[in-house]
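Just below is one structure, and these are the notes that go with it.
No hydrogens, no waters, no symmetry mates; every other heavy atom, side chains included, goes into these values. Residue numbering restarts at 1 for every chain, and letters A, B, ... go by the order of the sequence lines. Quantities reported herein were computed from a predicted structural model and do not represent experimental measurements.
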Amino acid sequence: MASQVVPHEEVVTLKHHFANDEQQLDASTIGMWVFLVTEIMFFGGLFLAYFAYRQAYPAAFASASNKTNLWLGAANTTVLICSSLTMAMAVHSASLGKRTLLVLFLILTLILGGVFLGVKAYEYHDKWVHHEVPGAHFDCEGCDDAGHAPLFFSLYFGMTGLHATHMLVGFVILSIIIVQASRGKFTAKWYTPVEMFGLYWHFVDIVWIFLFPLLYLIDRSHTGLK
Amino acid sequence: MTMEPKSFQLFPESASNFAPTVDGLYTYMVVVSAFFSLLVAFLIIFFAIKYRARPGQGVPKPVDEHSIGGMILEIAWSVIPLGLSLVMFAWGASIMFSESRPPKDAINIYVTGKRWMWKIQHMEGAREINELHVPVGRNVRLTMTSEDVIHDFFVPAFRTKADVLPGRYTTEWFRPTQVGTYHIFCAEYCGTKHSGMIGWVHVLSAEDYDKWLAQGSGEGSMAEGGESLFNQLGCANCHVKGGHGRAPNLYGAFGTKVDLSDGTSVRFDESYTRESILYPQAKIVAGYDKIMPTFKGLISDEGMLKLIEYIKSLGDPNGVVPGRNLPSEPSDIQKTGPMAAPMSETKAPATVSKTSAATGKQQ
Amino acid sequence: MSDHNEQHHIVPIRVYIAVFLTLIAMTWVTAYVSTVDLGRLNIFVALSIAIFKASLVILFFMHVKYGTKLTKMIVLAGLYWLLLLLFIAMADLWTRGWMGVPGR
Amino acid sequence: MITAPAPVKETKNYLNAQTGLKSWLLTGDHKRIAVMYLIVVTAFFALGGVFASLIRLELATPAGDLMESNQYNKVFTMHGVLMVFFFLIPSIPATLGNFLIPLMIGAKDLAFPKINLLSWYIYMLGGVFTLYVLLTGGVDTGWTFYTPFSTSYSNGYVVAAGLGIFINGFSAILTGLNFIVTIHRMRAPGLTWFRLPLFVWAHYATSAIMILGTPVVAVTLFLLVLERGLHIGFFDPAYGGDPVLFQHLFWFYSHPAVYIMILPSMGVISEVISTFSSKKPFGYTFIAFSSVAIAVFGFLVWGHHLFVAGQSIYAGLVFSILSYVVAIPSAIKVFNWAATMYKGRVRLETPMLYALGFIGLFTVGGLTGIFLSSLGMDVHLTDTYFVVAHFHYVMVGGALLGYLAGLHFWWPKIFGRMYSQVWSKVSAALVFVGFNLTFFPQFLLGYMGMPRRYHVYPPEFQVFNVLSSAGASVLALGLILPAIYLTWSLKHGAIASANPWGATGLEWQTSSPPISENFEVTPVVTTEAYDYSTVPQEVVHVG
Ligand code: HEA
Ligand code: HEA
Ligand code: CUA
Ligand SMILES: [Cu+2]
């Protein structure tokens, strides 16, 4: 810890209540990670419900899961991983102070995220037309144990919906950051928002890394890679 | 026979086998608690007076915790309370275990909670609402479910209660020890008239109980009611005695272990029966096809209880019904019902299993 | 005061690329493996791959590998509590039938 | 301790540094945000208290003569929701914690002042939802929102109420996050972990619970809202959903939440007992670590609320034994507090009176908690007034008294004024007597079998109920008094010196009220905590 309060002229980004840059950056990093821990627990509730019902009604989960589109799911996972890479590259560029590259990678991230959401929207639409949304019109055609299938779809929409909401929030923040980056707000010395946003984006990616096998890949052995 | 409730008393009436032990544990806890509460109160009052500040007094010397054995104190006041309270744990746990295992010879009574009343069905056919007649000195087992929200069947004089859940069965048992009339309360909040969901347990002498049963409804026993439902709903079309090709034999099935098509097994109990009828495809008996239709929406919760009682009556699981094997150990078995599914590990297939029992069937 | 750059470990781009390729490969591996009937093992394989992938992201993309002890502890705490929630609650569900008395 | 009737010209401080409503609503100053919290939290407490009074009025007679069942159900639900989520959980952390943590660690502010302000607004937004529910007809689920009642049968505004608490949760999360980062990163030079005041330790543990638990209840209520609003079934037995799963999720948060309520109070008590005994807390490290232990083990026992709910008995077994384990750190604290007074210089000022009340009542409340964690005992006692009495002993006798102790202790620091010593002691006495009269009879009622959440009850329970209602009026009087004399003191109280109680701790080394930057120069800490030899003797008032 710093031993003294030293005014630091060149760095305008230092808030008044911090002693120095290091303390400020540390605070942001710790804060962000703590926030991500709350996010883990937030999704945790849904994961518990998922595991509980999956073990109770394996037949319903297997056949309902087979209603999802494996190809779209896998492709979307790939898209999201790509966006994670571009995000990592954006942070990398920021740390080297390469503004153009930073903006470029951020925009790429945005586009990839958009593709992901687009695909997701298509899938939702598909579920809607096939009456696979829980509610009065629900109908899990050809499902085993259709009586319990609504639980799967409730979880499907709950989990992917929450995930998509996180993406949407990310979109807004990312757009702001892109504007700021193109205006040259970030330097190799200070680009904390980019870095923090990166952590958030990767977290959202990780959630999907779990959602994909849990929702799309149950008991595919009977249907194959269809 | 009704005891006039006194307006000032510290214990509810003591009218079941559990009451004395629970009161004993309670007394132990009160004594331990009183001791510690008074000890703490005494210490702080005593110190507050003895060491009260006097004008002109300087800052007291910090106490050297080592010299007065700080560590020993800390250990003492952690370990002694822990020891005393582990007695509470063990005692309480043993009570809970005995409350959880209804004796084999218990009379079965079925309870259905519905906002805001208790519907009670006796095996012999008698039905009552918000009243429960039981004989003194006999073990009584309640199998309970709810038609809507969670309720809780609570008899303070028996010192026992259990939640009553929709879509599931829960169990409560007791042995009344004192003839009399006691409160039934609903102890889980269930909406507007939660506080009106009350009733009376009438503990009768053996003779009175028999008399009471004899004047019961003319409806016939629950099993009979279940049988007519069984025929009405067409269950008998597929499930025939001895079992043939299409559907498994239900005779002597209750209480056994059933092997399922996915390699796991479940115990044939109340919840499994219910699930088999409402969600037939949730668990498929090994060797059979998924042809049983769902009866969801066609059977009331009370009707379900009758069917269960009927299926139970179809054979004593302890009897010699070929092709059914009893579980060797309770923990060996899966359970059913909402939230009751096969455990994740694969169970070794039982040597004598239903699959082998089904060898007689033509494919 | 420390030099600023000391706080940011600059990860070489090839590390990012390698991680990225592994992630993509694992995605398709997990999709493929799900079509092979391993019985009850399927879910364990799927989850193991997911955990592996997530670890890569956390360690490299999120720089935890190069982060402070405190960051690592926070991450571990999050995971630990998640497991507490999942395992303790599931333990109830797993043991519900043991006594063979409904509701106990 | 009271400086001579002061020359009225006040010195510059955080209260008068800027003026105008805007300067408050847009402030980043943790001290001002704390005061803003204080105001709304008090308002919610008063509202919750009004509902409590209605409960006690209704229960004075066995019949349901004051209101209808539906109204009664809404009254106790609103009472529970307001008291738990809008009063007790934010009470100490958001007011005293917010004000004091930066001061105690010698920082200029919390790590994220804007987030701190945001958390206040989020809290207000949650409050608005809840008030909306209140005005449009209330909610009748009980504060526990059990399904399927809440999702399919309730005739109250479950969605709005659920959203209100959901939103409110984020305010607690942000507060906790801010505290954790601040305590890790903003300590003054020389202020090592083991020189931290115990209040800070307690808040560190509390924050950890807030961060790890609150998101779970948030998502649970979110699912509840979806199920109720959109009929997407997560817990619905009609699809095979499990109502007990809801209870697991709810209590995963709500049991640790009881430690969110009590730990900050315990932190206050450690400070108060030490100050008014002029002695370093006995077993400092034990008290500090016991807070952390409570936070960690507190997450392992939630199932003790589910003993009769249809949970497996084996799970119950584990939850039961762990409940005993988690009680031990509390025991450690109680005994160490008592030992702190040994050979001290004890002054029975108002904060100390409240603190001693806390120790006694919390002990009773905690010990009755261990009745409930015994399986066989809980079967009889759960959902009876015994439980009601238990949690009021810990929440009112414990947490609320701790809050009052803290408020009286730091009031001079926060507002720079002293309050009436006479009235405050009268109030402390009334609260203690009224409280016991209200809630002790409820233990007896509970063992007799009177279920909770009962609008009408059999006549044999009336005697104790009348006692309880009588006690509640004494208690109400005792609680309205501080509202009066504290408000009065803001204008007319004697000016307080920087350190009126002769306490240690950095917060007492700056002026009362502190300046906006907290300290003229960042303090450098060179001694252990609670070194009373450094406190100038003249200032110490002996009453
Ligand atoms: C501030 C809040 C608070 C606190 C601190 C506690 C503390 C404890 N609580 Fe309590 N509790 C509630 C608030 C709180 N509780 C609420 C709100 C409910 C009801 C919710 C609802 O249903 O609406 C509840 C309900 C509740 C139940 C469920 C009852 C039921 O519904 O059936 C149980 C069961 O185990 C329980 C146990 C405990 C235990 C073991 C502790 C322990 O932490 C207590 C530890 C303290 C001590 C033990 C005292 C000090 C020790 C000594 C002086 C030494 C001697 C000690 C021994 C001999 C062990 N509580
Ligand atoms: C922090 C928590 C807290 C607090 C402080 C209280 C305080 C009180 N509670 Fe409450 N209570 C709960 C939490 C709390 N309660 C919870 C969680 C439940 C369960 C709900 C459920 O079942 O869902 C409950 C339930 C509950 C019941 C059971 C209802 C039932 O089951 O049917 C009863 C019955 O007596 C009761 C009584 C009281 C009383 C008399 C007080 C008194 O201590 C209140 C005294 C306070 C006042 C009288 C207000 C004082 C006035 C002022 C300060 C105003 C002055 C200010 C200005 C004018 C600016 N409460
Ligand atoms: Cu039924 Cu309360
Ligand atoms: Cu608890």
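Both the backbone and the side chain of L317(D) come within contact range of chain B, judged by heavy atoms closer than 4.5 Å. If you measure heavy-atom distances from T141(D) to chain B, the contacts under 4.5 Å come from the backbone alone. Using a 4.5 Å cut-off between heavy atoms, V334(D) contacts chain B through its side chain alone, with no backbone atom that close. Proximity to chain D (any heavy atom under 4.5 Å) is shown, for A187(B), by both the backbone and the side chain. In this structure, the portion of L165(B) lying under 4.5 Å from any heavy atom of chain D is its side chain and not its backbone. Within the 4.5 angstrom heavy-atom criterion, no atom of F362(D) approaches chain B. For chain D, the nearby part of Y279(B) is the side chain; its heavy atoms alone come within less than 4.5 Å. Contact of D152(B) with chain D is made through the side chain alone, with heavy-atom distances under 4.5 Å. The part of K296(B) that comes within reach of chain D is its side chain, from C-beta onward, which places non-hydrogen atoms under 4.5 angstrom from that chain. Residue I198(B) touches chain D through its side chain alone, counting heavy-atom pairs closer than 4.5 Å. Residue V32(B) does not touch chain D at all, counting heavy-atom pairs closer than 4.5 Å. With a threshold of 4.5 angstrom between heavy atoms, S100(B) approaches chain D through side-chain atoms but not through N, CA, C or O. Neither the backbone nor the side chain of P329(D) comes within contact range of chain B, judged by heavy atoms closer than 4.5 Å. Residue L348(D) touches chain B through its side chain alone, counting heavy-atom pairs closer than 4.5 Å. Looking at L39(B), the atoms closer than 4.5 Å to chain D (heavy atoms on both sides) all sit in the side chain, from C-beta outward. Interface remark: I45(B) contributes no atoms to any contact with chain D (heavy atom separation under 4.5 Å). Residue contact with chain B, scored on non-hydrogen atoms closer than 4.5 Å, involves the backbone and the side chain of F335(D) alike. Interface residue T384(D): only side-chain heavy atoms are found under 4.5 Å from chain B. Of the atoms belonging to F149(D), heavy atoms from both backbone and side chain fall under 4.5 Å from chain B. Looking at V22(B), the atoms closer than 4.5 Å to chain D (heavy atoms on both sides) sit in the backbone and in the side chain alike. Contact annotation for D531(D): neither backbone nor side-chain heavy atoms come within less than 4.5 Å of a heavy atom of chain B. With a 4.5 Å cut-off on non-hydrogen atoms, S373(D) does not touch chain B at all. Heavy-atom distances place both the backbone and the side chain of S320(D) under 4.5 Å from chain B. For a residue to count as touching a neighbouring chain, one of its non-hydrogen atoms must lie under 4.5 Å from one of that chain's; by this rule L381(D) touches chain B with the backbone only.
Counting heavy-atom pairs under 4.5 Å between each of P81(B), G92(B), A90(B), A34(B) and chain D puts G92(B) at the top. Counting heavy-atom pairs under 4.5 Å between each of T382(D), N155(D), L356(D), I370(D) and chain B puts T382(D) at the top. Chain D forms more heavy-atom pairs under 4.5 Å with one residue of A162(B), S37(B), S85(B) than with any other, namely S85(B). Ranked by non-hydrogen atom pairs under 4.5 Å with chain B, the options N73(D), L444(D), I359(D) are led by N73(D). Options V325(D), V379(D), I332(D) differ in how many heavy-atom pairs under 4.5 Å they form with chain B, and the most are formed by V379(D). Interface check for chain B: of the options I273(D), D140(D), I321(D), V364(D), the most heavy-atom pairs under 4.5 Å are formed by I321(D). Taking chain B as the reference chain and counting heavy-atom pairs below 4.5 Å, the highest number among K343(D), H455(D), M352(D) is found for K343(D). No other option in V456(D), T363(D), T144(D), N336(D) has as many heavy-atom pairs under 4.5 Å with chain B as N336(D).
Of the possible polar contacts, none joining the R115(B) side chain to the M197(B) backbone as a donor-acceptor pair under 3.5 Å is found. With hydrogens and angles ignored, the 3.5 Å screen pairs no side-chain donor or acceptor of D383(D) with any backbone N or O of E188(B). Looking only at distances, a side-chain donor or acceptor of T145(B) sits under 3.5 Å from a matching main-chain atom of R168(B).
Under a cutoff of 6.0 Å and an axis angle of 45°, K280(D) and Y530(D) do not form a cation-pi pair.
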Q: Apply ring-ring contact (aromatic ring centres under 6.0 Å, His included) to the pair H183(B) and F154(B), showing each step before the final yes or no.
A: CA-CA 8 Å; H183(B) 280 295; F154(B) 176 31; 9.9 Å; no

Q: For side chain to side chain donor-acceptor pair (under 3.5 Å), just list the numbers for Y393(D) and N436(D), CA-CA rounded to whole Å, side-chain angles, deciding distance to a tenth of an Å, and then say yes or no.
A: CA-CA 9 Å; Y393(D) 262 82; N436(D) 281 299; 2.8 Å; yes

Q: Please step through side chain to side chain donor-acceptor pair (under 3.5 Å) for the pair S277(D) and Y342(D), ending with a clear verdict.
A: CA-CA 8 Å; S277(D) 308; Y342(D) 173 72; over 6 Å; no

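When ring centroids are compared, F358(D) and W337(D) come within the 6.0 Å threshold. Two rings, from H304(D) and F319(D), have their centers 6.0 Å or more apart. Residues Y447(D) and F11(B) place their aromatic rings such that the two centres sit under 6.0 Å apart.
K333(D) and S290(D) share a side-chain donor-acceptor pair at under 3.5 Å.
Between F443(D) and F440(D), the ring planes lie perpendicular to each other; the angle is over 60°, past the 30° to 60° tilted range. Using cut-offs of 30° and 60° on the angle between ring planes, the pair Y28(B) and W91(B) is tilted.
In terms of the ring-ring contact (aromatic ring centres under 6.0 Å, His included) criterion, residue partners of F289(D) (sequence neighbours excluded) are, by chain and number, F194(D), W201(D). Applying the side-chain hydrogen bond (donor to acceptor under 3.5 Å, both in side chains) rule to E147(B) yields the partners K119(B); only residues at least two apart in sequence or on another chain are considered.
In this structure, K161(B) does not pair ionically with D378(D), as no charged nitrogen and carboxylate oxygen lie closer than 4.0 Å. Between R159(B) and D23(B), at least one side-chain nitrogen of the basic residue sits less than 4.0 Å from a carboxylate oxygen of the acidic one, meeting the salt-bridge criterion.
You'll find the side chain of T160(B) stays beyond 4.5 Å of the side chain of H380(D), heavy atoms only.
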